[in-house]
Engineer: 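Have a look at this one before I ask anything.
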Amino acid sequence: MCRNIRTLHNFEPHATSDEVHAAALQYVRKISGSTKPSKANQEAFDDAVHEIAHTTAHLLDALVSVAPPKDREVEAAKARARSAERFGAA
């Protein structure tokens, strides 16, 4: 589950609200142990995702870095190469 959470800091362009929400959703799924909460827990689940996404957005806005921003396409290409190497060697 949590493998889908990616670094969102220091990218150009900045992380979108959809990316922040997706990371928050994965986090809540992981800690709750549920990918789809019951109807009784849906509101608590949704509230947690909303609060974590909100806090994450504030964190990303407050973080500073002296390193140059990373390029999303370059990082995605590196990840694909690592994946191909792992699965190609199997």
Side-chain angles (χ1 to χ4, degrees):
M1 255 187 259
C2 260
R3 289 183 219 178
N4 294 333
I5 297 177
R6 302 288 180 231
T7 300
L8 298 177
H9 174 60
N10 200 29
F11 276 96
E12 194 57 48
H14 296 291
T16 65
S17 59
D18 287 343
E19 290 172 312
V20 171
H21 182 270
L25 178 60
Q26 288 299 320
Y27 177 77
V28 171
R29 285 177 173 171
K30 181 66 174 189
I31 63 168
S32 70
S34 172
T35 57
K36 177 103 172 89
S38 67
K39 288 182 183 179
N41 292 325
Q42 186 70 52
E43 185 176 353
F45 189 91
D46 292 343
D47 287 346
V49 171
H50 175 76
E51 288 181 34
I52 291 167
H54 181 76
T55 301
T56 300
H58 281 289
L59 171 65
L60 293 173
D61 289 342
L63 291 174
V64 295
S65 177
V66 294
K70 295 176 263 185
D71 182 283
R72 291 178 188 281
E73 293 302 318
V74 170
E75 296 301 316
K78 288 179 188 176
R80 284 190 298 274
R82 285 189 305 270
S83 178
E85 187 175 307
R86 274 194 310 269
F87 293 111

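Just so it is clear, the structure is predicted and the values come from calculations on it, not from any experiment.
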Engineer: Show the nearest heavy-atom pair for residues L60 and A15, with the distance to one decimal.
Structural biologist: CD1-CB, 4.2 Å
Engineer: Assess the residue pair T55 and L59 against the criterion (side chain to side chain contact (heavy atoms under 4.5 Å, CB included)); give the C-alpha distance rounded to whole Å, side-chain angles, the decisive distance to 0.1 Å, and a yes or no.
Structural biologist: CA-CA 6 Å; T55 301; L59 171 65; 5.6 Å; no
Engineer: How many angstroms lie between CG in D46 and CD in E51, if you round to the nearest 0.5 Å?
Structural biologist: 11.5 Å
Engineer: Given F45 and L25, is the side chain to side chain contact (heavy atoms under 4.5 Å, CB included) satisfied, shown in steps?
Structural biologist: CA-CA 9 Å; F45 189 91; L25 178 60; 3.7 Å; yes
Engineer: Can you tell me how far CG of L8 sits from CG of N10, rounded to the nearest 0.5 angstrom?
Structural biologist: 11.5 Å
Engineer: Take H21 and V49 through the side chain to side chain contact (heavy atoms under 4.5 Å, CB included) test and state the conclusion after the steps.
Structural biologist: CA-CA 7 Å; H21 182 270; V49 171; 3.4 Å; yes
Engineer: Could you walk me through whether H50 and H54 pass the side-chain hydrogen bond (donor to acceptor under 3.5 Å, both in side chains) check?
Structural biologist: CA-CA 6 Å; H50 175 76; H54 181 76; 5.5 Å; no
Engineer: Test salt bridge (charged side-chain N to carboxylate O under 4.0 Å, His left out) on R82 and E85 and set out the steps.
Structural biologist: CA-CA 5 Å; R82 285 189 305 270; E85 187 175 307; over 6 Å; no
Engineer: Look up atom CD in E75 and atom CD in E73, then write down how far apart they are to the nearest 0.5 Å.
Structural biologist: 10.5 Å
Engineer: If we ignore hydrogens and angles and just use 3.5 Å, is the side chain of T56 paired with the main-chain N or O of I52 as donor and acceptor?
Structural biologist: yes
Engineer: Has the side chain of S34 got a donor or acceptor atom that lies under 3.5 Å from a matching backbone atom of K36?
Structural biologist: yes
Engineer: Check whether more than 12 heavy atoms from other residues, nucleotides or ligands sit under 6.0 Å from atom CD of E43, and answer yes or no.
Structural biologist: no
Engineer: Which value, rounded to the nearest 0.5 Å, describes the distance between L63 atom CG and H9 atom NE2?
Structural biologist: 5.0 Å
Engineer: Would you say the side-chain atoms of R72 pair up with the backbone N or O of P13, donor to acceptor, closer than 3.5 Å?
Structural biologist: yes
Engineer: If you take all heavy atoms of A24 and A53, which pair is closest and at what distance?
Structural biologist: CB-N, 3.6 Å
Engineer: For the atom pair OH (Y27) and OG (S32), what is the distance rounded to the nearest 0.5 Å?
Structural biologist: 10.5 Å
Engineer: Return yes if some donor-acceptor pair links the side-chain N/O of E19 with the main-chain N/O of T16 below 3.5 Å, else return no.
Structural biologist: yes
